[in-house]
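Data block below; observations after.
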Amino acid sequence: MRYGKWMDEFIEVIRLQKSDPNNIENHKKMITLTEKAEKFQPELTEFMQDETFALVYKISIERVSKEIK
């Protein structure tokens with residue numbers, strides 16, 4: 001759930017970055033969210049051993065990839 005919330009926030013930051021690339025506040029949010037992602041990494045690695053979680057994670061990564069393009 002925590003990661004899903006993070007993902008939603010990150011997608012919004014990406015959307016704003018596309019429409020307003022010079023938005024300083026958005027850049028700060030992106031940095032904060034990136035730092036959070038780094039802190040999630042050890043826990044994420046452990047959760048990836050669960051097949052259901054890994055599938056949901058893969059789908060969420062695809063969502064982000066579509067937003068970035």
Side-chain angles (χ1 to χ4, degrees):
M1 301 246 343
R2 231 175 346 134
Y3 187 75
K5 182 181 176 189
W6 176 90
M7 184 70 66
D8 291 339
E9 289 178 44
F10 192 70
I11 287 171
E12 288 304 313
V13 167
I14 291 169
R15 286 182 183 153
L16 186 55
Q17 175 67 21
K18 285 180 167 181
S19 65
D20 187 8
N22 297 318
N23 185 316
I24 299 299
E25 288 305 312
N26 195 55
H27 287 290
K28 290 177 184 178
K29 287 180 185 176
M30 186 173 285
I31 291 169
T32 300
L33 289 170
T34 301
E35 290 170 349
K36 280 185 181 180
E38 290 172 358
K39 291 177 183 175
F40 285 154
Q41 193 58 46
E43 186 177 23
L44 183 60
T45 300
E46 183 179 330
F47 285 148
M48 288 298 285
Q49 295 174 21
D50 179 274
E51 290 180 25
T52 302
F53 181 87
L55 179 62
V56 171
Y57 178 79
K58 181 181 175 188
I59 292 167
S60 67
I61 291 299
E62 289 173 5
R63 273 181 53 207
V64 170
S65 296
K66 288 178 184 177
E67 289 297 325
I68 292 172
K69 292 180 182 179

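Source: prediction; values computed, not measured.
Aromatic ring pairs are classed by plane angle as parallel below 30°, tilted from 30° to 60° and perpendicular above 60°; the pair Trp6 and Phe40 is perpendicular.
By the 4.5 Å side-chain criterion applied to Ile, Leu, Val, Met, Phe, Trp and Tyr, Leu55 is assigned to a cluster that also includes Ile59.
In this structure, the separation between CD on Gln49 and CG on Leu44 is 11.0 Å, given to the nearest 0.5 Å.
A donor-acceptor contact shorter than 3.5 Å is absent between the side chain of His27 and the backbone of Gln17.
In this view, Lys18 satisfies the salt bridge (charged side-chain N to carboxylate O under 4.0 Å, His left out) rule with no residue, not counting sequence neighbours. The salt bridge (charged side-chain N to carboxylate O under 4.0 Å, His left out) test applied to Glu12 returns Arg15, not counting sequence neighbours. Residues satisfying the side chain to side chain donor-acceptor pair (under 3.5 Å) test with Asn23, not counting sequence neighbours, are Asp20.
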Per-pair distances, 0.1 Å, donor-acceptor, side chain in residues 28-37, under 3.5 Å, sequence neighbours excluded:
unit_1 : atom_1 : unit_2 : atom_2 : d
Lys28  : NZ     : Glu25  : OE2    : 3.4
Thr32  : OG1    : Lys28  : O      : 3.1
Thr34  : OG1    : Met30  : O      : 2.8

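Between Val13 and Asn26, the closest heavy-atom pair is O-ND2, 3.0 Å.
When the side chains of ILVMFWY residues are joined at heavy-atom separations under 4.5 Å, either directly or via intervening members, Phe47 and Phe10 end up in a single hydrophobic cluster.
Each side chain to side chain donor-acceptor pair (under 3.5 Å) pair with one or both residues in residues 51-64, not counting sequence neighbours, appears once here: Asp8-Arg63.
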